[in-house]
Number of protein chains: 2
Amino acid sequence: MQTRPWIQIAEDLRLRITSGEYAEGERLPSGSTLMGEYGVARQTIQNAVDQLRAEGLVSSIAGRGWFVSKRRPITRLARNRLSADERTAGRGAFLTDAAAADFTPTVTVRVWKEEAGEEVASYLDVPSGTQVLVRDRVMRADGDVVQLAASYLPADLVQGTQVEHVDTGPGGTYARLEEAGFALSHFTEFVSARSPRPAEAESLRIPHGHPVIQVTRVAFAADRPVEVNFISMASDRFQLVYQIDAR
Amino acid sequence: MQTRPWIQIAEDLRLRITSGEYAEGERLPSGSTLMGEYGVARQTIQNAVDQLRAEGLVSSIAGRGWFVSKRRPITRLARNRLSADERTAGRGAFLTDAAAADFTPTVTVRVWKEEAGEEVASYLDVPSGTQVLVRDRVMRADGDVVQLAASYLPADLVQGTQVEHVDTGPGGTYARLEEAGFALSHFTEFVSARSPRPAEAESLRIPHGHPVIQVTRVAFAADRPVEVNFISMASDRFQLVYQIDAR
DNA sequence: CAGTGGTCTAGACCACAAA
DNA sequence: TTGTGGTCTAGACCACTGT
């Protein structure tokens with residue numbers, strides 16, 4: 001085999017975990033022990049365990065040891081809940097999710113204006129440099145940061161509306177947009193995943209090596225894009241659910 | 001600051017890249033040079049660069065150096081393309097995507113039967129241990145592996161149909177299901193992300209540290225689940241696109 | 001050949017947890 | 001105090017690249 005030692009050790013440990021040799025919540029042998037068992041240096045064991053942590057099989061507590069991860073309940077976020085019913089019920093998308101998943105939501109908002117960068121401009125179908133309103137939000141569930149979101153709207157479109165304020169009122173931004181004459185026709189969501197920056201990982205409490213789910217949502221009013229929203233969330237706690245009609 | 005050196009170095013290098021000090025495709029200073037610049041050991045530089053590679057900012061070529069990544073074109077996969085039109089047009093979902101994204105698709109299929117595990121059973125709403133047909137597929141684009149997929153169907157449901165064969169015929173599995181009297185009503189897709197196992201990363205040609213997009217698609221016929229499909233793909237080359245009506 | 005990235009080792013130090 | 005995970009260092013070796 002040409003595979004590196006840390007990969008083989010990770011594979012062996014993974015097998016020992018999935019075979020049930022170490023049960024959920026149980027502690028793995030200590031680093032020193034594993035160094036002896038496999039006859040390798042400390043860092044090599046660390047690399048192997050890092051891999052298993054990234055896969056979500058193992059979590060670590062400094063000073064205590066490595067433990068087989070318990071299957072955490074995953075919050076499923078229904079993305080088709082952006083319908084008019086929910087909007088007029090006076091709740092934004094995040095609050096709707098919170099109600100469904102049964103956690104206490106908190107949202108911290110910062111609002112400012114800036115010139116649209118290339119990416120934002122392309123999503124909003126406006127020239128680069130156009131003034132946009134930015135709504136930067138930190139969403140917490142029971143106090144823990146779980147989602148980061150940044151919305152961009154053409155500034156002239158929301159001039160003088162409640163959208164320019166931190167508190168957008170009942171129904172949130174989408175309700176205000178509709179009042180302003182922009183009846184929403186549909187949303188397009190682009191879903192991807194990426195590795196977070198260290199600072200981002202820390203604020204979202206993402207275990208080392210775990211990816212972030214990245215949703216870019218564009219809201220359309222009569223086929224004109226009126227908002228683009230960049231949403232990041234931890235992939236070990238959230239799952240997106242889409243329903244597609246077979247027609 | 002209490003942040004570790006490799007994080008600070010990664011942040012500094014990221015700034016130097018995004019500010020344009022190093023352009024797309026340009027080579028970063030060598031490891032030895034950076035060791036001198038920052039006054040740290042080889043491994044510390046390596047950790048910093050590993051972070052930037054995971055973020056997709058940097059790619060490396062052994063023996064040559066580290067290079068600022070070029071923005072690769074991302075293939076957008078429209079998920080609402082599972083409609084009857086497309087199915088009866090004689091193409092499976094992957095072939096439809098291929099046509100849209102303009103690459104030459106190849107699919108390698110292995111078929112067998114086994115007893116449903118807990119997860120599969122729960123998605124199919126059958127007792128654990130029920131016989132299921134497994135269709136394990138490797139999808140290639142222009143020769144490169146880009147998607148791994150494993151479908152599970154209740155065995156009694158597809159008994160004696162073309163679904164049990166490697167080649168399911170025009171329209172694929174879904175078309176055969178409809179012929180067998182299971183008219184598809186809707187699909188539910190669960191989207192998440194995770195870190196791949198090393199073997200998986202290698203076969204999907206995923207750069208170290210890059211996540212995998214994981215789609216679990218359940219096909220329903222009159223509200224009865226008839227197929228669950230676990231799909232993995234590289235997150236640096238694919239993006240899922242969902243369209244949601246505002247109603 | 002010399003230079004590059006990637007990995008492994010041996011040893012050290014730190015913060016933290018449990019006894 | 002002892003043992004734990006996590007990180008950094010200095011040095012070594014390998015595979016690979018371009019000359």
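Throughout, protein chains are lettered first and strands after them, A, B, ... in sequence-line order, and every chain is numbered starting at 1. If you're wondering where the values come from, they're calculated on a predicted model, not measured in any experiment.
- With 3.5 Å as the limit, one finds no donor-acceptor pair spanning the side chains of A/Q214 and A/S192.
- Residue contacts for A/V49: at a heavy-atom cut-off of 4.0 Å it reaches no nucleic acid atom on any strand shown.
- As a whole-Å value, the separation of A/L28 CG from D/dG3 P is 19 Å.
- The side chain to side chain contact (heavy atoms under 4.5 Å, CB included) with B/V191 is formed by just one residue from the set B/I231, B/L240, B/T216; it is B/L240.
- Spacing between atom CH2 of B/W66 and atom C1' of C/dG3 amounts to 12 Å, rounded to whole angstrom units.
- Between B/W6 and D/dG6, a side-chain N or O to OP1/OP2 separation shorter than 4.0 Å is absent.
- Rounding to the nearest 0.5 Å places OH of B/Y152 at 7.0 Å from CG of B/D136.
- Listed nucleotides: C/dG6, C/dC8, C/dG5. Nearest to the side chain of A/R4: C/dC8.
- Note on B/T44: a side-chain N or O is less than 4.0 Å away from OP1 or OP2 of D/dT9.
- In this structure, A/D50 places its CG atom 13 Å from P of C/dT7, rounding to the nearest Å.
- Ring-plane geometry between B/F190 and B/Y123 is classed as tilted, the angle between the planes lying from 30 to 60 degrees on a 0 to 90 degree scale.
- If you measure from atom CE of B/M35 to atom P of D/dA10, you get 8 Å, rounded to the nearest angstrom.
- Relative to the side chain of B/R53, the nucleotides C/dG6, D/dG6, D/dT9 differ in distance, and C/dG6 lies closest.
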What does nucleotides 12-19 of chain C look like as a protein-contact string, B for base, S for sugar-phosphate only, - for none, at under 4.0 angstrom between heavy atoms? B---BSS-

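- Here the options are B/R237, B/R205, B/M233, the test is side chain to side chain contact (heavy atoms under 4.5 Å, CB included), and the partner is B/V146; only B/R237 passes.
- Distance, A/I45 CD1 to D/dG6 P: 13 Å, rounded to whole Å.
- At C/dT4, one or more side-chain N or O atoms of B/S32 fall inside 4.0 Å of OP1 or OP2 (strictly under the cut-off).
- Residue A/P5 places its side chain closer to C/dT7 than to any other of D/dG6, C/dT7, D/dC8.
- Distance A/Q43 CD to D/dG6 C1': 9 Å, rounded to the nearest Å.
- Comparing atom distances between the A/Q46 side chain and each of D/dC8, D/dG5, C/dT7 picks out D/dG5 as nearest.
- Going from atom CD1 of A/I9 over to atom P of C/dT7 covers 14 Å, rounded to whole Å.
- Between A/E227 and A/R135, none of the side-chain N atoms (NZ, or NE/NH1/NH2) sits under 4.0 Å from a carboxylate O, so this pair counts as no salt bridge.
- At the phosphate of D/dT4, neither OP1 nor OP2 sits under 4.0 Å from any side-chain N or O atom of A/S60.
- The environment of NZ in A/K113 is crowded: more than 12 heavy-atom neighbours from other residues, nucleotides or ligands sit within 6.0 Å.
- Applying the salt bridge (Lys or Arg N to Asp or Glu O under 4.0 Å) test between A/R16 and each of A/E37, A/E11, A/E26 identifies A/E37 as the sole match.
- When the P atom of C/dT9 is taken as reference, atom CG of A/L34 falls 13 Å away, rounded to whole Å.
- Regarding contacts with the backbone of D/dG3, every side-chain N or O of A/S30 stays at 4.0 angstrom or more from both OP1 and OP2.
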